[in-house]
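Scroll down for the structure; my scribbles are underneath it.
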Amino acid sequence: MAKVSTRYVCQECGADYPKWIGKCEACGAWNSIVEEQPREATPKGLSGKSGRRIQFVGLKGEAKPPPRRIIGIEEFDRVCGGGLVPGSALLVGGDPGIGKSTLLLQAVARLASHCRCVYISGEEAVDQVRMRAQRLDLADATVQLASATSLRDIIASLDADTPDVVVIDSIQTMYMDSLDSAPGTVAQVRACALELIRHAKRQGYTLFLVGHVTKEGQIAGPRVLEHMVDTVLYFEGERGHQFRILRSVKNRFGATDEIGVFEMTDAGLQEVVNPSALFLAERRGNVSGSCVFAGMEGTRPVLVEIQALVAESSLSTPRRAVVGWDSSRLAMIMAVLDARCGLALSGNDVYLNVAGGLRISEPAADLAVAAALVSSITDIPVTADMVVFGEIGLSGEVRAVAQSDTRLKEAAKLGFAQALVPARRRKDRKPVAPAVSPSIRQIGHVQDLVAMFRPLEGSPSASRNGKASGDKS
Ligand code: TYD
Ligand code: MG
(Lines give C-alpha, C1' and ligand atoms only; values in the text may rest on other atoms or scores of the structure.)
(Ligands and ions follow the chains in the order given, each with its own letter.)
Protein backbone atom coordinates (compact mmCIF):
# COMPACT_ATOMS: atom_id res chain seq x y z
CA MET A 1 0.00 0.00 0.00
CA ALA A 2 1.20 3.50 -0.78
CA LYS A 3 1.64 5.69 2.26
CA VAL A 4 -1.49 7.71 2.99
CA SER A 5 -0.71 11.24 4.08
CA THR A 6 -2.72 14.38 4.75
CA ARG A 7 -3.20 16.65 1.74
CA TYR A 8 -3.52 20.41 1.61
CA VAL A 9 -6.06 21.44 -0.99
CA CYS A 10 -6.72 24.85 -2.49
CA GLN A 11 -10.41 25.69 -2.05
CA GLU A 12 -10.40 27.89 -5.11
CA CYS A 13 -8.94 25.62 -7.77
CA GLY A 14 -8.60 22.19 -6.20
CA ALA A 15 -4.79 21.96 -6.53
CA ASP A 16 -3.22 19.91 -3.76
CA TYR A 17 0.08 20.16 -1.93
CA PRO A 18 2.01 17.96 0.48
CA LYS A 19 2.34 20.81 2.99
CA TRP A 20 0.53 24.02 3.84
CA ILE A 21 1.49 27.18 1.97
CA GLY A 22 0.01 30.67 2.13
CA LYS A 23 -0.49 31.19 -1.58
CA CYS A 24 -1.69 28.61 -4.07
CA GLU A 25 0.92 28.17 -6.77
CA ALA A 26 -1.66 27.04 -9.29
CA CYS A 27 -4.23 29.85 -9.12
CA GLY A 28 -2.46 32.47 -7.02
CA ALA A 29 -5.18 32.64 -4.34
CA TRP A 30 -4.06 33.62 -0.85
CA ASN A 31 -5.10 31.70 2.25
CA SER A 32 -7.16 29.24 0.27
CA ILE A 33 -5.30 26.09 1.29
CA VAL A 34 -7.07 23.83 3.75
CA GLU A 35 -5.97 20.56 5.30
CA GLU A 36 -7.98 17.60 4.10
CA GLN A 37 -8.06 13.99 5.08
CA PRO A 38 -6.57 11.70 2.47
CA ARG A 39 -8.63 9.83 0.01
CA GLU A 40 -7.90 6.16 -0.37
CA ALA A 41 -4.43 5.48 -1.63
CA THR A 42 -4.47 4.65 -5.32
CA PRO A 43 -4.43 0.93 -6.00
CA LYS A 44 -1.43 -0.55 -7.71
CA GLY A 45 -1.48 -0.90 -11.52
CA LEU A 46 -3.71 -3.32 -13.35
CA SER A 47 -1.94 -6.56 -12.53
CA GLY A 48 -4.08 -9.61 -11.95
CA LYS A 49 -7.55 -9.87 -13.49
CA SER A 50 -7.81 -9.05 -17.18
CA GLY A 51 -10.50 -6.72 -18.49
CA ARG A 52 -13.44 -7.31 -20.78
CA ARG A 53 -12.95 -6.50 -24.44
CA ILE A 54 -14.66 -3.32 -25.64
CA GLN A 55 -16.65 -3.37 -28.87
CA PHE A 56 -15.48 -0.61 -31.21
CA VAL A 57 -17.91 0.81 -33.77
CA GLY A 58 -17.76 3.20 -36.71
CA LEU A 59 -18.88 6.82 -36.60
CA LYS A 60 -21.75 6.14 -38.95
CA GLY A 61 -24.86 4.66 -37.47
CA GLU A 62 -28.20 5.50 -36.08
CA ALA A 63 -28.03 8.06 -33.29
CA LYS A 64 -31.24 8.86 -31.53
CA PRO A 65 -31.67 12.35 -30.14
CA PRO A 66 -32.07 12.20 -26.37
CA PRO A 67 -35.62 12.29 -25.04
CA ARG A 68 -36.58 15.59 -23.43
CA ARG A 69 -38.71 16.70 -20.54
CA ILE A 70 -40.14 20.08 -21.39
CA ILE A 71 -40.20 22.49 -18.47
CA GLY A 72 -42.77 24.82 -19.94
CA ILE A 73 -40.71 27.95 -19.36
CA GLU A 74 -39.64 28.62 -22.91
CA GLU A 75 -36.56 30.69 -22.08
CA PHE A 76 -35.33 27.97 -19.73
CA ASP A 77 -36.05 25.14 -22.16
CA ARG A 78 -34.15 26.81 -24.96
CA VAL A 79 -31.07 27.41 -22.82
CA CYS A 80 -31.09 23.70 -21.91
CA GLY A 81 -31.14 22.79 -25.61
CA GLY A 82 -34.87 22.14 -25.85
CA GLY A 83 -35.86 20.63 -22.52
CA LEU A 84 -34.25 18.48 -19.86
CA VAL A 85 -32.51 15.24 -20.69
CA PRO A 86 -33.30 12.38 -18.29
CA GLY A 87 -30.21 11.19 -16.42
CA SER A 88 -28.32 14.42 -16.98
CA ALA A 89 -26.87 16.78 -14.38
CA LEU A 90 -27.12 20.56 -14.63
CA LEU A 91 -25.20 23.04 -12.54
CA VAL A 92 -26.88 26.39 -11.99
CA GLY A 93 -24.40 28.98 -10.75
CA GLY A 94 -24.85 32.59 -9.78
CA ASP A 95 -24.32 35.27 -7.15
CA PRO A 96 -26.23 34.97 -3.89
CA GLY A 97 -29.64 36.59 -4.14
CA ILE A 98 -29.73 36.65 -7.90
CA GLY A 99 -32.75 34.34 -8.04
CA LYS A 100 -31.48 30.78 -8.47
CA SER A 101 -33.84 29.32 -5.89
CA THR A 102 -36.74 31.29 -7.31
CA LEU A 103 -36.02 30.14 -10.85
CA LEU A 104 -35.71 26.48 -9.91
CA LEU A 105 -38.77 26.54 -7.71
CA GLN A 106 -40.75 27.98 -10.61
CA ALA A 107 -39.27 25.36 -12.94
CA VAL A 108 -40.14 22.37 -10.73
CA ALA A 109 -43.60 23.78 -10.09
CA ARG A 110 -44.19 23.81 -13.85
CA LEU A 111 -42.64 20.38 -14.29
CA ALA A 112 -44.74 18.98 -11.47
CA SER A 113 -47.78 18.99 -13.73
CA HIS A 114 -46.30 16.16 -15.80
CA CYS A 115 -43.28 14.82 -13.82
CA ARG A 116 -42.52 13.86 -10.27
CA CYS A 117 -40.29 16.59 -8.84
CA VAL A 118 -38.26 16.80 -5.65
CA TYR A 119 -36.85 20.04 -4.27
CA ILE A 120 -34.27 19.64 -1.51
CA SER A 121 -33.10 22.81 0.15
CA GLY A 122 -30.02 22.78 2.35
CA GLU A 123 -30.15 26.54 2.86
CA GLU A 124 -33.71 27.30 3.75
CA ALA A 125 -36.18 25.70 6.09
CA VAL A 126 -39.34 24.15 4.68
CA ASP A 127 -41.40 27.10 5.92
CA GLN A 128 -39.23 29.58 4.07
CA VAL A 129 -39.58 27.70 0.80
CA ARG A 130 -43.33 27.37 1.38
CA MET A 131 -43.59 31.08 1.95
CA ARG A 132 -41.80 31.76 -1.29
CA ALA A 133 -44.05 29.30 -3.12
CA GLN A 134 -47.07 31.11 -1.73
CA ARG A 135 -45.72 34.45 -2.83
CA LEU A 136 -45.14 33.03 -6.31
CA ASP A 137 -48.62 31.55 -6.31
CA LEU A 138 -47.18 28.06 -6.74
CA ALA A 139 -48.32 26.52 -3.48
CA ASP A 140 -50.68 24.13 -5.28
CA ALA A 141 -47.96 22.51 -7.38
CA THR A 142 -47.28 18.88 -6.44
CA VAL A 143 -43.59 19.32 -5.66
CA GLN A 144 -42.04 17.10 -3.00
CA LEU A 145 -40.22 19.47 -0.69
CA ALA A 146 -37.61 18.73 1.97
CA SER A 147 -34.97 20.54 3.91
CA ALA A 148 -31.92 18.28 4.26
CA THR A 149 -28.16 18.32 4.03
CA SER A 150 -27.06 14.76 4.70
CA LEU A 151 -26.22 13.07 1.44
CA ARG A 152 -26.75 9.64 2.94
CA ASP A 153 -30.35 10.51 3.83
CA ILE A 154 -30.97 12.15 0.48
CA ILE A 155 -29.70 9.20 -1.55
CA ALA A 156 -31.68 6.76 0.61
CA SER A 157 -34.86 8.77 0.08
CA LEU A 158 -34.32 9.07 -3.66
CA ASP A 159 -33.65 5.33 -3.84
CA ALA A 160 -36.90 4.52 -2.12
CA ASP A 161 -38.99 6.57 -4.51
CA THR A 162 -37.19 7.76 -7.63
CA PRO A 163 -38.55 11.03 -9.01
CA ASP A 164 -38.04 12.49 -12.50
CA VAL A 165 -36.41 15.78 -11.54
CA VAL A 166 -34.38 16.62 -8.42
CA VAL A 167 -33.15 20.02 -7.32
CA ILE A 168 -30.33 20.26 -4.77
CA ASP A 169 -30.13 23.82 -3.43
CA SER A 170 -27.20 24.20 -2.91
CA ILE A 171 -24.39 21.70 -3.43
CA GLN A 172 -22.22 23.72 -1.01
CA THR A 173 -24.52 22.89 1.90
CA MET A 174 -24.49 19.12 1.34
CA TYR A 175 -22.21 16.87 3.33
CA MET A 176 -21.10 13.31 3.28
CA ASP A 177 -20.51 11.87 6.74
CA SER A 178 -17.67 9.64 5.56
CA LEU A 179 -15.48 12.69 5.00
CA ASP A 180 -13.99 14.77 7.77
CA SER A 181 -13.97 18.08 5.91
CA ALA A 182 -16.62 20.71 6.53
CA PRO A 183 -19.53 21.24 4.09
CA GLY A 184 -18.55 23.59 1.29
CA THR A 185 -14.93 22.46 1.07
CA VAL A 186 -13.63 21.16 -2.22
CA ALA A 187 -13.53 17.60 -0.94
CA GLN A 188 -17.16 17.67 0.24
CA VAL A 189 -18.52 19.47 -2.79
CA ARG A 190 -16.69 17.15 -5.15
CA ALA A 191 -17.65 13.96 -3.33
CA CYS A 192 -21.32 14.94 -2.89
CA ALA A 193 -21.67 16.06 -6.50
CA LEU A 194 -20.03 12.90 -7.82
CA GLU A 195 -22.30 10.70 -5.73
CA LEU A 196 -25.43 12.59 -6.78
CA ILE A 197 -24.50 12.65 -10.45
CA ARG A 198 -23.78 8.90 -10.44
CA HIS A 199 -27.09 8.29 -8.73
CA ALA A 200 -28.95 10.48 -11.21
CA LYS A 201 -27.41 8.65 -14.17
CA ARG A 202 -28.22 5.28 -12.63
CA GLN A 203 -31.81 6.15 -11.79
CA GLY A 204 -32.46 8.31 -14.84
CA TYR A 205 -33.65 11.50 -13.18
CA THR A 206 -32.59 15.00 -14.14
CA LEU A 207 -30.44 16.57 -11.44
CA PHE A 208 -30.15 20.30 -10.82
CA LEU A 209 -27.26 21.38 -8.60
CA VAL A 210 -27.29 24.96 -7.41
CA GLY A 211 -23.79 26.39 -6.91
CA HIS A 212 -22.69 29.69 -5.46
CA VAL A 213 -20.28 31.89 -7.26
CA THR A 214 -17.24 33.38 -5.56
CA LYS A 215 -16.43 37.03 -5.92
CA GLU A 216 -14.00 36.10 -8.69
CA GLY A 217 -16.97 34.81 -10.64
CA GLN A 218 -16.24 31.12 -10.41
CA ILE A 219 -18.48 28.50 -8.95
CA ALA A 220 -17.31 28.36 -5.35
CA GLY A 221 -14.77 25.73 -4.64
CA PRO A 222 -13.83 23.65 -7.55
CA ARG A 223 -13.88 24.16 -11.25
CA VAL A 224 -13.96 20.36 -11.18
CA LEU A 225 -17.71 20.57 -10.65
CA GLU A 226 -18.03 22.09 -14.09
CA HIS A 227 -16.29 19.09 -15.62
CA MET A 228 -18.48 16.61 -13.82
CA VAL A 229 -21.88 17.88 -14.93
CA ASP A 230 -23.39 17.77 -18.42
CA THR A 231 -24.60 21.34 -18.49
CA VAL A 232 -23.39 24.50 -16.77
CA LEU A 233 -25.82 27.39 -16.58
CA TYR A 234 -25.01 30.78 -15.10
CA PHE A 235 -27.75 32.97 -13.79
CA GLU A 236 -26.54 36.51 -13.88
CA GLY A 237 -27.65 40.10 -13.78
CA GLU A 238 -26.45 43.49 -12.66
CA ARG A 239 -27.45 44.57 -9.19
CA GLY A 240 -30.09 47.26 -9.42
CA HIS A 241 -31.43 45.95 -12.71
CA GLN A 242 -34.44 43.73 -12.87
CA PHE A 243 -33.17 41.70 -15.83
CA ARG A 244 -31.73 38.28 -15.21
CA ILE A 245 -29.95 36.28 -17.82
CA LEU A 246 -29.65 32.53 -17.82
CA ARG A 247 -26.62 31.63 -19.89
CA SER A 248 -25.40 28.21 -20.88
CA VAL A 249 -21.61 27.98 -20.85
CA LYS A 250 -21.37 24.24 -21.32
CA ASN A 251 -23.98 21.89 -22.68
CA ARG A 252 -23.46 18.32 -23.79
CA PHE A 253 -27.02 18.28 -25.13
CA GLY A 254 -27.33 21.62 -26.88
CA ALA A 255 -25.69 24.82 -28.03
CA THR A 256 -23.68 26.93 -25.62
CA ASP A 257 -23.84 30.69 -25.29
CA GLU A 258 -27.58 30.45 -25.51
CA ILE A 259 -29.36 32.91 -23.23
CA GLY A 260 -32.74 33.15 -21.62
CA VAL A 261 -33.90 36.55 -20.44
CA PHE A 262 -36.06 37.01 -17.37
CA GLU A 263 -37.36 39.92 -15.41
CA MET A 264 -37.53 39.76 -11.60
CA THR A 265 -40.91 41.03 -10.50
CA ASP A 266 -43.03 40.83 -7.37
CA ALA A 267 -44.52 37.64 -8.75
CA GLY A 268 -41.14 36.00 -9.37
CA LEU A 269 -39.26 35.63 -12.61
CA GLN A 270 -41.15 36.47 -15.78
CA GLU A 271 -39.96 35.44 -19.20
CA VAL A 272 -38.95 38.23 -21.52
CA VAL A 273 -40.06 37.23 -24.99
CA ASN A 274 -38.56 40.17 -26.82
CA PRO A 275 -35.34 41.16 -25.05
CA SER A 276 -34.28 43.69 -27.68
CA ALA A 277 -37.37 45.80 -27.04
CA LEU A 278 -36.67 45.62 -23.32
CA PHE A 279 -33.02 46.60 -23.61
CA LEU A 280 -33.87 49.50 -25.86
CA ALA A 281 -36.94 50.62 -23.92
CA GLU A 282 -35.32 53.56 -22.20
CA ARG A 283 -33.24 54.75 -25.10
CA ARG A 284 -33.42 58.39 -26.02
CA GLY A 285 -32.81 59.12 -29.67
CA ASN A 286 -30.40 61.74 -30.95
CA VAL A 287 -28.02 61.78 -28.02
CA SER A 288 -24.33 61.75 -28.78
CA GLY A 289 -22.32 58.80 -27.51
CA SER A 290 -25.08 56.29 -27.96
CA CYS A 291 -25.23 53.56 -30.55
CA VAL A 292 -27.37 50.45 -31.04
CA PHE A 293 -25.45 47.24 -31.49
CA ALA A 294 -27.07 44.30 -33.24
CA GLY A 295 -25.61 41.41 -31.30
CA MET A 296 -26.08 37.68 -31.13
CA GLU A 297 -26.51 35.69 -27.96
CA GLY A 298 -26.28 32.08 -28.99
CA THR A 299 -28.80 31.55 -31.73
CA ARG A 300 -30.73 34.63 -30.88
CA PRO A 301 -30.27 38.24 -32.00
CA VAL A 302 -30.32 40.89 -29.27
CA LEU A 303 -30.18 44.61 -29.87
CA VAL A 304 -28.59 46.68 -27.12
CA GLU A 305 -27.61 50.26 -26.67
CA ILE A 306 -23.94 51.01 -26.17
CA GLN A 307 -23.21 54.28 -24.43
CA ALA A 308 -19.89 56.07 -24.35
CA LEU A 309 -18.85 59.22 -22.60
CA VAL A 310 -15.54 60.87 -23.34
CA ALA A 311 -14.72 63.75 -21.02
CA GLU A 312 -11.64 65.80 -20.40
CA SER A 313 -9.70 64.42 -17.47
CA SER A 314 -8.25 66.27 -14.55
CA LEU A 315 -6.33 63.19 -13.46
CA SER A 316 -2.79 62.35 -14.43
CA THR A 317 -3.97 58.83 -15.21
CA PRO A 318 -7.35 59.27 -16.89
CA ARG A 319 -10.18 57.05 -15.80
CA ARG A 320 -11.44 54.14 -17.87
CA ALA A 321 -14.65 52.58 -16.66
CA VAL A 322 -16.41 49.79 -18.52
CA VAL A 323 -19.70 48.13 -17.59
CA GLY A 324 -20.88 45.14 -19.59
CA TRP A 325 -17.92 44.88 -21.92
CA ASP A 326 -14.26 43.88 -21.90
CA SER A 327 -11.95 46.69 -20.78
CA SER A 328 -8.95 45.40 -22.70
CA ARG A 329 -11.05 45.34 -25.83
CA LEU A 330 -11.95 49.00 -25.18
CA ALA A 331 -8.25 49.82 -24.82
CA MET A 332 -7.63 48.18 -28.17
CA ILE A 333 -10.36 50.13 -29.94
CA MET A 334 -9.02 53.38 -28.47
CA ALA A 335 -5.51 52.50 -29.61
CA VAL A 336 -6.77 51.79 -33.13
CA LEU A 337 -8.70 55.10 -33.21
CA ASP A 338 -5.55 56.86 -32.07
CA ALA A 339 -3.07 55.16 -34.40
CA ARG A 340 -5.23 54.90 -37.52
CA CYS A 341 -7.47 57.96 -37.27
CA GLY A 342 -5.46 60.34 -35.09
CA LEU A 343 -8.15 60.44 -32.39
CA ALA A 344 -6.03 60.66 -29.25
CA LEU A 345 -7.96 59.89 -26.10
CA SER A 346 -5.02 59.63 -23.75
CA GLY A 347 -5.98 62.83 -21.94
CA ASN A 348 -9.66 61.94 -21.57
CA ASP A 349 -11.70 59.95 -19.13
CA VAL A 350 -13.58 57.28 -21.04
CA TYR A 351 -16.74 55.59 -19.77
CA LEU A 352 -18.46 52.79 -21.61
CA ASN A 353 -21.73 51.22 -20.63
CA VAL A 354 -23.92 48.52 -22.11
CA ALA A 355 -27.36 49.77 -21.17
CA GLY A 356 -29.76 47.45 -19.42
CA GLY A 357 -27.23 45.31 -17.59
CA LEU A 358 -26.36 42.90 -20.38
CA ARG A 359 -22.78 41.62 -20.69
CA ILE A 360 -21.45 41.42 -24.22
CA SER A 361 -18.49 39.28 -25.15
CA GLU A 362 -18.71 39.41 -28.94
CA PRO A 363 -15.94 41.15 -30.91
CA ALA A 364 -18.74 42.11 -33.32
CA ALA A 365 -19.52 44.97 -30.93
CA ASP A 366 -16.21 46.70 -31.80
CA LEU A 367 -17.67 48.90 -34.50
CA ALA A 368 -20.61 49.95 -32.33
CA VAL A 369 -18.23 50.83 -29.49
CA ALA A 370 -16.06 52.83 -31.88
CA ALA A 371 -19.14 54.62 -33.22
CA ALA A 372 -20.30 55.48 -29.71
CA LEU A 373 -16.84 56.79 -28.82
CA VAL A 374 -16.49 58.91 -31.97
CA SER A 375 -20.02 60.18 -31.51
CA SER A 376 -19.21 61.26 -27.97
CA ILE A 377 -15.95 62.92 -29.00
CA THR A 378 -17.59 64.88 -31.80
CA ASP A 379 -20.86 65.41 -29.93
CA ILE A 380 -22.71 64.31 -33.03
CA PRO A 381 -25.35 61.65 -32.46
CA VAL A 382 -25.41 58.41 -34.38
CA THR A 383 -28.61 58.34 -36.44
CA ALA A 384 -31.33 57.08 -34.12
CA ASP A 385 -32.70 54.45 -36.47
CA MET A 386 -29.37 52.81 -37.26
CA VAL A 387 -27.89 49.58 -35.93
CA VAL A 388 -24.17 48.85 -36.07
CA PHE A 389 -22.07 45.70 -36.00
CA GLY A 390 -18.60 44.62 -37.14
CA GLU A 391 -15.27 43.57 -35.73
CA ILE A 392 -12.29 45.92 -35.86
CA GLY A 393 -8.78 44.65 -36.56
CA LEU A 394 -5.55 46.25 -35.34
CA SER A 395 -4.88 47.91 -38.68
CA GLY A 396 -8.30 49.55 -38.45
CA GLU A 397 -10.01 47.28 -40.97
CA VAL A 398 -13.61 46.37 -40.30
CA ARG A 399 -13.96 42.61 -40.42
CA ALA A 400 -16.90 40.46 -41.32
CA VAL A 401 -18.93 38.83 -38.55
CA ALA A 402 -21.16 35.79 -38.52
CA GLN A 403 -24.93 35.76 -38.86
CA SER A 404 -25.36 39.22 -40.28
CA ASP A 405 -28.70 38.29 -41.84
CA THR A 406 -30.16 37.30 -38.48
CA ARG A 407 -28.97 40.56 -36.98
CA LEU A 408 -30.45 42.60 -39.82
CA LYS A 409 -33.73 40.77 -39.57
CA GLU A 410 -34.04 41.59 -35.87
CA ALA A 411 -33.16 45.22 -36.57
CA ALA A 412 -35.86 45.42 -39.23
CA LYS A 413 -38.34 43.83 -36.85
CA LEU A 414 -37.70 46.56 -34.30
CA GLY A 415 -38.08 49.32 -36.84
CA PHE A 416 -34.47 50.24 -37.58
CA ALA A 417 -34.19 51.65 -41.07
CA GLN A 418 -30.42 51.69 -41.48
CA ALA A 419 -27.52 49.39 -40.73
CA LEU A 420 -23.81 50.04 -40.63
CA VAL A 421 -22.12 46.75 -41.45
CA PRO A 422 -18.71 45.41 -42.55
CA ALA A 423 -17.99 45.69 -46.27
CA ARG A 424 -17.11 42.05 -46.51
CA ARG A 425 -19.64 39.44 -45.58
CA ARG A 426 -18.87 36.14 -44.00
CA LYS A 427 -20.57 33.25 -45.71
CA ASP A 428 -23.16 31.91 -43.34
CA ARG A 429 -23.85 28.27 -43.65
CA LYS A 430 -27.56 28.82 -43.71
CA PRO A 431 -28.22 32.28 -45.08
CA VAL A 432 -31.60 33.63 -44.14
CA ALA A 433 -32.90 36.14 -46.59
CA PRO A 434 -34.46 38.91 -44.56
CA ALA A 435 -37.90 39.75 -45.88
CA VAL A 436 -37.54 43.40 -44.95
CA SER A 437 -34.02 44.62 -44.49
CA PRO A 438 -32.73 47.95 -43.23
CA SER A 439 -30.90 50.00 -45.84
CA ILE A 440 -27.31 48.89 -45.59
CA ARG A 441 -24.23 51.01 -45.44
CA GLN A 442 -21.02 49.05 -45.77
CA ILE A 443 -17.81 50.13 -44.17
CA GLY A 444 -14.28 48.80 -44.72
CA HIS A 445 -12.13 50.83 -42.35
CA VAL A 446 -12.58 52.81 -39.13
CA GLN A 447 -11.43 55.91 -41.01
CA ASP A 448 -14.67 55.71 -42.98
CA LEU A 449 -16.53 55.59 -39.69
CA VAL A 450 -14.77 58.67 -38.37
CA ALA A 451 -15.43 60.47 -41.65
CA MET A 452 -19.14 59.96 -41.09
CA PHE A 453 -19.05 62.29 -38.10
CA ARG A 454 -18.51 65.75 -39.49
CA PRO A 455 -17.34 68.29 -38.48
CA LEU A 456 -14.56 66.68 -36.53
CA GLU A 457 -12.19 68.74 -34.48
CA GLY A 458 -10.75 65.82 -32.62
CA SER A 459 -11.26 67.00 -29.06
CA PRO A 460 -14.41 66.80 -27.00
CA SER A 461 -14.29 70.38 -25.82
CA ALA A 462 -13.64 71.86 -29.23
CA SER A 463 -16.72 70.40 -30.80
CA ARG A 464 -19.44 71.29 -28.32
CA ASN A 465 -21.41 73.05 -30.98
CA GLY A 466 -24.76 71.71 -29.95
CA LYS A 467 -25.27 70.26 -33.36
CA ALA A 468 -27.72 67.41 -33.24
CA SER A 469 -28.24 66.75 -36.89
CA GLY A 470 -27.48 63.04 -36.79
CA ASP A 471 -25.87 63.46 -40.17
CA LYS A 472 -23.99 60.43 -41.28
CA SER A 473 -23.66 60.62 -45.00
P1 TYD B 1 -33.30 33.80 -4.46
O2 TYD B 1 -34.02 32.94 -5.43
O3 TYD B 1 -33.45 33.48 -3.02
O4 TYD B 1 -31.77 33.90 -4.80
P5 TYD B 1 -30.59 32.82 -4.73
O6 TYD B 1 -31.22 31.49 -4.52
O7 TYD B 1 -29.88 32.97 -6.04
O8 TYD B 1 -29.72 33.24 -3.60
O9 TYD B 1 -33.76 35.27 -4.78
C10 TYD B 1 -33.87 36.18 -3.80
C11 TYD B 1 -34.07 37.56 -4.34
O12 TYD B 1 -35.10 37.66 -5.29
C13 TYD B 1 -34.44 38.41 -3.19
O14 TYD B 1 -33.52 39.48 -3.14
C15 TYD B 1 -35.82 38.87 -3.46
C16 TYD B 1 -36.02 38.65 -4.91
N17 TYD B 1 -37.38 38.21 -5.23
C18 TYD B 1 -38.23 39.07 -5.89
O19 TYD B 1 -37.90 40.20 -6.21
N20 TYD B 1 -39.50 38.62 -6.22
C21 TYD B 1 -39.93 37.39 -5.89
O22 TYD B 1 -41.07 37.02 -6.21
C23 TYD B 1 -39.02 36.52 -5.20
C24 TYD B 1 -39.45 35.14 -4.78
C25 TYD B 1 -37.77 36.97 -4.89
MG1 MG C 1 -31.07 30.32 -2.81
Side-chain angles (χ1 to χ4, degrees), residues 71-73 75-76 79-80 89-112 117-141 143-149 151 154 165-175 183-184 188-189 192-193 196 206-221 225-226 229 231-249 259-272 278 356-359:
I71 304 170
I73 301 176
E75 296 287 302
F76 203 158
V79 172
C80 297
L90 298 93
L91 178 65
V92 180
D95 290 326
I98 204 77
K100 301 180 292 297
S101 306
T102 309
L103 178 71
L104 289 175
L105 189 63
Q106 286 183 245
V108 286
R110 285 286 188 98
L111 279 160
C117 300
V118 165
Y119 185 100
I120 299 172
S121 178
E123 309 204 323
E124 289 161 302
V126 166
D127 286 346
Q128 276 173 299
V129 182
R130 277 187 176 155
M131 248 155 60
R132 173 179 296 145
Q134 250 154 34
R135 196 139 61 87
L136 299 173
D137 203 13
L138 300 173
D140 294 332
V143 177
Q144 302 283 315
L145 173 66
S147 177
T149 55
L151 203 72
I154 292 171
V165 177
V166 175
V167 174
I168 302 287
D169 186 2
S170 66
I171 187 67
Q172 273 93 4
T173 53
M174 298 296 140
Y175 80 94
Q188 282 285 4
V189 169
C192 291
L196 280 164
T206 305
L207 174 70
F208 278 105
L209 299 174
V210 174
H212 293 298
V213 164
T214 59
K215 54 185 183 305
E216 287 81 28
Q218 288 178 357
I219 292 194
L225 213 53
E226 298 192 1
V229 296
T231 302
V232 179
L233 306 177
Y234 273 99
F235 201 41
E236 50 190 39
E238 293 285 335
R239 290 223 174 267
H241 283 291
Q242 72 273 38
F243 317 124
R244 301 283 182 268
I245 289 162
L246 186 67
R247 190 185 292 276
S248 103
V249 292
I259 65 163
V261 184
F262 296 88
E263 195 174 355
M264 183 61 103
T265 67
D266 296 342
L269 291 156
Q270 305 283 339
E271 291 180 75
V272 175
L278 184 78
L358 191 70
R359 249 207 91 76

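Note that these values count all heavy atoms, side chains included, but never hydrogens, waters or copies made by symmetry. Start at 1 and go down the list; that is how both ligands and their atoms are numbered.
Considering OH of Tyr119 and CG of Leu111, their distance stands at 13.5 Å, rounded to 0.5 Å. A distance of 9.0 Å separates CZ of Phe208 from OG1 of Thr231, quoted to the nearest 0.5 Å.
When only non-hydrogen protein atoms are considered, atom 11 (C) of ligand 1 lies nearest to Gly97 O, 3.5 Å. At the shortest separation from atom 19 (O) of ligand 1 among protein heavy atoms lies Met264 CG, 3.4 Å. Looking only at protein heavy atoms, the nearest one to atom 6 (O) of ligand 1 is Ser101 OG, 2.5 Å. Shortest contact from atom 4 (O) of ligand 1 to any protein heavy atom: Gly99 N, 3.1 Å. The nearest heavy-atom contact from the protein to atom 20 (N) of ligand 1 is Thr265 O, 2.9 Å. Of all protein heavy atoms, the one lying nearest to atom 2 (O) of ligand 1 is Thr102 OG1, 2.6 Å.
Contacts with ligand 1 closer than 4.0 Å are made by no heavy atom of Leu103, backbone or side chain. Contacts with ligand 1 closer than 4.0 Å are made by no heavy atom of Val210, backbone or side chain. Within the 4.0 Å heavy-atom criterion, the part of Pro96 lying near ligand 1 is the backbone and not the side chain. At a heavy-atom cutoff of 4.0 Å, ligand 1 is contacted by the side chain of Leu136 but not by its backbone.
Checked against Leu209 for a side chain to side chain contact (heavy atoms under 4.5 Å, CB included), the options Val189, Ile168, Leu90 give a single hit: Ile168.
Taking 4.5 Å as the limit, some side-chain heavy atom of Leu196 sits within range of a side-chain heavy atom of Ile171. Annotation: side chain of Val272 is not in contact with side chain of Phe243 (no heavy-atom distance under 4.5 Å).
Under a 4.0 angstrom heavy-atom cut-off, Asp95 registers as being in contact with ligand 1.
The Mg ion (ligand 2) has Ser101 OG as protein N, O or S atoms under 2.8 Å away.
Taking each heavy atom of Val92 and Lys100 in turn, the nearest pair found is O-CD, 3.9 Å. Between Ser101 and Glu124 the shortest heavy-atom distance is OG-OE1, 4.2 Å. Nearest heavy atoms, Val79 versus Arg247: CG1-C, 4.3 Å. Minimum interatomic distance between Ala125 and Ser147 (heavy atoms only, all atoms of both residues): CA-OG, 4.0 Å.
Counting only distance, with no hydrogens or angles, the side chain of Arg244 and the backbone of Ile98 share a donor-acceptor pair below 3.5 Å. Remark: side-chain polar atoms of Gln106 are not paired, donor with acceptor, to backbone N or O of Gly268 under 3.5 angstrom.
For atom 24 (C) of ligand 1, the nearest protein heavy atom lies under 4.0 Å away.
Below 3.5 Å of separation, one finds an N or O of Arg132 facing an N or O of ligand 1. For the pair Asp266 and ligand 1, the shortest N or O to N or O distance falls below 3.5 Å.
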Practice item. Evaluate side chain to side chain contact (heavy atoms under 4.5 Å, CB included) for Gln242 paired with Thr265, printing each intermediate quantity in order. Key: CA-CA 7 Å; Gln242 72 273 38; Thr265 67; over 6 Å; no
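When each atom of ligand 1 is checked for a heavy atom of Gly268 under 4.0 Å away, the hits are 21 (C), 22 (O).
Heavy atoms from other residues, nucleotides or ligands lying under 6.0 Å from CD of Gln144 number 12 at most.
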